[in-house]
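One structure is given below, encoded as structure tokens.
Every chain is numbered from 1 and lettered A, B, ... according to where its sequence line falls, protein lines coming before strand lines. This structure is a prediction, so every number in the text was calculated from the model and none was measured.
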2 protein chains.
Amino acid sequence: MATIRELARHCGVSVATVSRVFNTPEVVSQETRQRILDGARQIGYLPNESARTLATKKSHLVGLVWDTDHRRPGWRHPFLQEILVALKTALSGYGLHLLMLAAADSTDPDARQRYLRAVHRHSLDGLVIIDNGDRDPAVLTLADADVPCVALDLRVTGPKTTYVTSDNAGGAALAARHLIERGHRRIATITGPQQTWPGAERLTGFRSALAGAGIALPAEYVVEGNFYLDGGHAAMRRLLALPDPPTAVFAAGDEMAIGAMRAVSEAGRHVPGDVAVVGFDDIDVAALVPPGLTTIAQDKAGFGTAAAEALVTMLRDPGEPCEPTRLPTTLIVRGST
Amino acid sequence: MATIRELARHCGVSVATVSRVFNTPEVVSQETRQRILDGARQIGYLPNESARTLATKKSHLVGLVWDTDHRRPGWRHPFLQEILVALKTALSGYGLHLLMLAAADSTDPDARQRYLRAVHRHSLDGLVIIDNGDRDPAVLTLADADVPCVALDLRVTGPKTTYVTSDNAGGAALAARHLIERGHRRIATITGPQQTWPGAERLTGFRSALAGAGIALPAEYVVEGNFYLDGGHAAMRRLLALPDPPTAVFAAGDEMAIGAMRAVSEAGRHVPGDVAVVGFDDIDVAALVPPGLTTIAQDKAGFGTAAAEALVTMLRDPGEPCEPTRLPTTLIVRGST
DNA sequence: CTGAAAGCGCTTACAG
DNA sequence: CTGAAAGCGCTTACAG
């Protein structure tokens with residue numbers, strides 16, 4: 001690896017001039033600039049990022065906090081891959097790289113600080129936090145950190161912290177209204193865990209849409225699930241066992257919806273004839289599992305790009321607080337309703 | 001952020017001693033070490049990684065090369081998320097972090113060198129390359145790079161390069177023998193793109209298993225797919241249109257297998273009654289799509305952990321070449337056969 | 001076991 | 001428009 005000193009010697013200039021070519025090129029004369037650029041190519045010079053970071057305190061690195069502890073189920077975010085692609089692509093448009101922060105270390109004496117410590121050690125420019133479906137105490141320390149942070153599906157705000165999430169209540173209302181339009185009146189819901197923000201919001205949206213249409217929602221029509229297949233399956237069994245079972249169900253997540261559909265067929269009944277089902281997310285499987293799952297689609301790529309943009313905004317205007325982003329949701333009608 | 005100098009002053013020692021506490025603790029006296037550790041906690045000292053990397057040339061960073069250009073279909077690796085979790089977890093066990101390298105920049109004058117340049121700029125300790133299903137010229141330059149590299153599903157080797165892949169031929173043979181045991185004799189295959197390594201190997205394994213059982217494989221029973229749903233669907237339509245259609249099909253990927261099953265039902269025939277189907281991968285959907293897809297499971301987490309181990313091995317013994325890893329595959333029988 | 005000092009490869013006021 | 005020089009925060013022979 002050639003160093004800046006070698007290139008400077010090679011071109012007969014000072015290291016300061018070389019440095020300027022790579023940082024404030026407009027300030028060096030056209031002729032010199034070209035000579036240095038050519039020289040860099042010839043001897044294979046590339047600025048060393050560590051030296052640069054040490055001198056400037058900017059690493060052009062964004063940390064990704066994604067807790068994948070297998071002991072918690074939350075690691076399996078339903079469409080992380082698409083978020084990741086969009087995030088990575090958007091960030092690289094701004095010259096930023098994504099650093100995946102190592103999983104929580106249980107031996108860590110002060111786990112609450114672990115992300116902030118990573119920020120300091122690696123001079124991270126910012127942080128993106130993906131909800132792991134669990135309330136992680138370390139996340140709370142982030143809100144008043146002095147590094148730009150954007151959380152996905154997690155309600156944290158602070159002077160340099162904002163979040164991106166779907167219009168969960170609106171999406172759930174969309175689902176409810178769709179079922180009402182299909183003529184249903186006995187409509188139940190399988191909710192997400194109520195301590196999660198999306199779980200709570202989707203129930204709220206569903207509830208008020210029914211109320212708005214003057215349709216009652218008996219307590220036994222609200223069953224809490226866990227966002228996974230087995231939770232949806234178990235919840236649907238309970239609903240089917242009711243003396244007055246629902247004719248339609250809104251499951252607050254596609255996996256639960258698929259589990260629910262399975263419970264319906266195991267009971268010898270049919271989707272959508274006996275029970276109509278609407279999900280939430282629009283994961284890949286939704287289109288593949290017969291008869292096709294009607295669902296509320298989230299803007300998966302939107303999560304990634306919105307997060308990148310929020311980050312860059314905060315990086316540019318360190319003073320200004322950054323407004324949260326609410327991504328619109330869409331109803332996708334398939335065979336299950 | 002406290003610096004090493006501040007901590008040294010705080011504890012009344014030299015910066016060299018502080019540095020030793022964090023690098024070669026055994027060399028400093030128990031008493032001094034404890035005092036410095038306590039001091040570090042008090043004033044919140046954390047070694048700065050950039051300074052460290054600059055001084056040592058080791059970044060403890062592993063670059064992840066995963067080309068997600070949306071113009072190519074390959075970005076959608078079927079089980080990347082699981083690989084990623086396993087990789088990240090295994091790496092952090094060795095004190096390594098994962099840096100996602102930015103996507104290819106089409107304006108890059110020398111795209112072939114882009115990963116090596118990232119290695120140099122960020123002083124990466126190693127590289128993990130995920131097959132994007134396409135022959136990327138930049139990957140070829142890696143084989144004789146002087147940085148440890150491990151490729152997933154990509155046949156590159158070199159003094160510091162190795163790969164991890166499934167026993168594709170063995171898995172395909174497993175599939176073939178399973179269908180033979182079920183009594184089938186007219187067995188076709190929907191292959192992956194033959195320029196991909198897994199695609200080619202699976203066909204080879206399938207072919208020789210049939211040959212070993214004395215079963216003929218007519219040319220029209222071999223249809224090339226693209227690893228995606230639509231490719232499997234189209235291929236199956238061609239197979240069904242044959243004058244003498246097969247009674248069983250081995251699709252070299254689960255998505256193709258699901259597309260194939262769909263084509264079967266659209267033709268008014270049944271799986272497995274009219275046509276039995278075996279896939280490859282064992283992606284999540286395989287268990288969910290009725291009647292359940294019999295498939296050859298790959299060891300998804302194994303990819304990640306094997307890659308991490310190979311990397312660490314090469315890091316430890318820079319001289320020794322590292323043997324490639326072949327992960328065993330398993331037959332999972334479900335309703336489709 | 002500990003310290004003084006050079007060096008890692010950059011950036012950036014400060015002069016000119 | 002360009003250069004000399006200090007500084008970013010560490011590590012590591014070299015002495016003692």
Side-chain angles (χ1 to χ4, degrees), chain A residues 1-40 43-61 95 97 117-125, chain B residues 1-40 43-61 95 97 117-125:
Chain A
M1 266 300 281
T3 71
I4 197 174
R5 203 171 315 267
E6 293 168 344
L7 179 54
R9 185 156 334 172
H10 179 86
C11 297
V13 295
S14 72
V15 297
T17 301
V18 174
S19 176
R20 288 187 191 105
V21 168
F22 290 94
N23 292 292
T24 50
E26 63 282 5
V27 97
V28 12
S29 81
Q30 160 69 36
E31 191 268 328
T32 317
R33 194 194 318 160
Q34 197 52 56
R35 187 152 46 89
I36 293 176
L37 254 15
D38 292 343
I43 71 174
Y45 169 74
L46 248 29
N48 178 296
E49 289 298 331
S50 305
R52 213 174 207 185
T53 299
L54 182 57
T56 62
K57 266 89 188 74
K58 320 226 91 272
S59 63
H60 306 286
L61 253 37
H97 289 89
R117 283 211 303 271
V119 168
H120 288 139
R121 292 183 72 116
H122 294 99
S123 315
L124 301 182
D125 289 358
Chain B
M1 266 300 281
T3 70
I4 197 174
R5 204 170 315 266
E6 292 168 343
L7 180 53
R9 185 155 334 173
H10 180 87
C11 297
V13 295
S14 71
V15 297
T17 301
V18 174
S19 176
R20 288 187 191 105
V21 168
F22 290 93
N23 292 291
T24 48
E26 63 282 6
V27 98
V28 11
S29 82
Q30 161 68 35
E31 191 267 327
T32 318
R33 194 195 315 163
Q34 197 52 56
R35 187 152 45 90
I36 293 177
L37 254 15
D38 291 344
I43 70 174
Y45 169 75
L46 248 30
N48 177 296
E49 289 297 331
S50 305
R52 214 174 206 185
T53 299
L54 182 57
T56 61
K57 266 91 188 70
K58 318 228 91 270
S59 63
H60 305 286
L61 252 38
H97 289 90
R117 282 209 303 272
V119 168
H120 287 140
R121 292 184 73 117
H122 294 99
S123 315
L124 301 181
D125 289 356

Taking 4.0 Å as the cut-off, does a side-chain nitrogen or oxygen of [X] come that near to OP1 or OP2 on [N]?
X        : N       : value
Thr3(A)  : dC8(C)  : no
Lys57(A) : dT11(C) : no
Ser14(A) : dG3(D)  : yes
Thr53(A) : dC8(D)  : no
Arg5(B)  : dG9(D)  : no

Length of the line joining [X]:[atom1] and [N]:[atom2], which is rounded to integer Å:
X        : N      : atom1 : atom2 : answer
Arg52(B) : dG9(C) : CZ    : C1'   : 18 Å
Ile4(A)  : dT2(D) : CD1   : C1'   : 14 Å
Arg35(A) : dT2(D) : CZ    : C1'   : 11 Å
Asn48(A) : dC8(D) : CG    : P     : 18 Å
Glu49(A) : dC8(C) : CD    : P     : 19 Å
Glu26(A) : dC1(D) : CD    : P     : 10 Å
Arg33(B) : dC1(C) : CZ    : P     : 9 Å
Phe22(B) : dT2(C) : CZ    : C1'   : 17 Å

Any base atoms under 4.0 Å from [X], or only sugar-phosphate, or nothing? Heavy atoms, all strands.
X        : result
Leu46(B) : sugar-phosphate
Ser50(A) : nothing
Val13(B) : sugar-phosphate

For [X], side-chain hydrogen bond (donor to acceptor under 3.5 Å, both in side chains) partners two or more places apart:
X        : result
Arg52(B) : Asn23(B)
Ser29(A) : Thr32(A)
His10(A) : Gln42(A)

Nearest-angstrom distance, C1' atom, dG16(D) to dT12(D):
16 Å
Distance, P atom - from dC14(D) to dC10(D), rounded to whole angstrom:
24 Å
Between NE2 on residue His120(A) and OH on residue Tyr45(B), distance to nearest 0.5 Å
13.5 Å
Between CG of Leu124(A) and NZ of Lys58(A), what distance do you get to the nearest 0.5 Å?
10.5 Å
Quick check for you: among dG9(C), dC10(C), dT2(C), whose closest atom lies nearest to any side-chain atom of Leu54(A)?
dG9(C)
From dT2(D), dC10(C), dT11(D), nucleotide with atom closest to Ala51(A) side chain
dC10(C)
Looking at every non-hydrogen atom in both residues, tell me the closest pair between Ser50(A) and Ser123(B) and how far apart they are.
OG-OG, 4.0 Å
What are the two closest non-hydrogen atoms of His60(A) and Asp125(A), and how far apart are they?
N-OD2, 2.9 Å
Protein-nucleic acid N or O pairs under 3.5 Å, nucleotides 12-15 of chain C:
from    : atom 1 : to       : atom 2 : distance (Å)
dA13(C) : N6     : Arg20(A) : NH2    : 3.1

Name all residues meeting the salt bridge (Lys or Arg N to Asp or Glu O under 4.0 Å) criterion together with Arg121(B); count only those two or more places apart in sequence or in a different chain, and write none if there are none.
Glu49(A)
Heavy atoms of other groups near Arg9(A) CZ, more than 12 under 6.0 Å:
no
State which residue, out of Val21(B), Val15(B), Ile36(B), fulfils the side chain to side chain contact (heavy atoms under 4.5 Å, CB included) condition with Leu7(B).
Ile36(B)
Secondary-structure notation, DNA chain D, from Watson-Crick and G-U pairs under 3.5 angstrom (| other strand):
|||.||||||||.|||
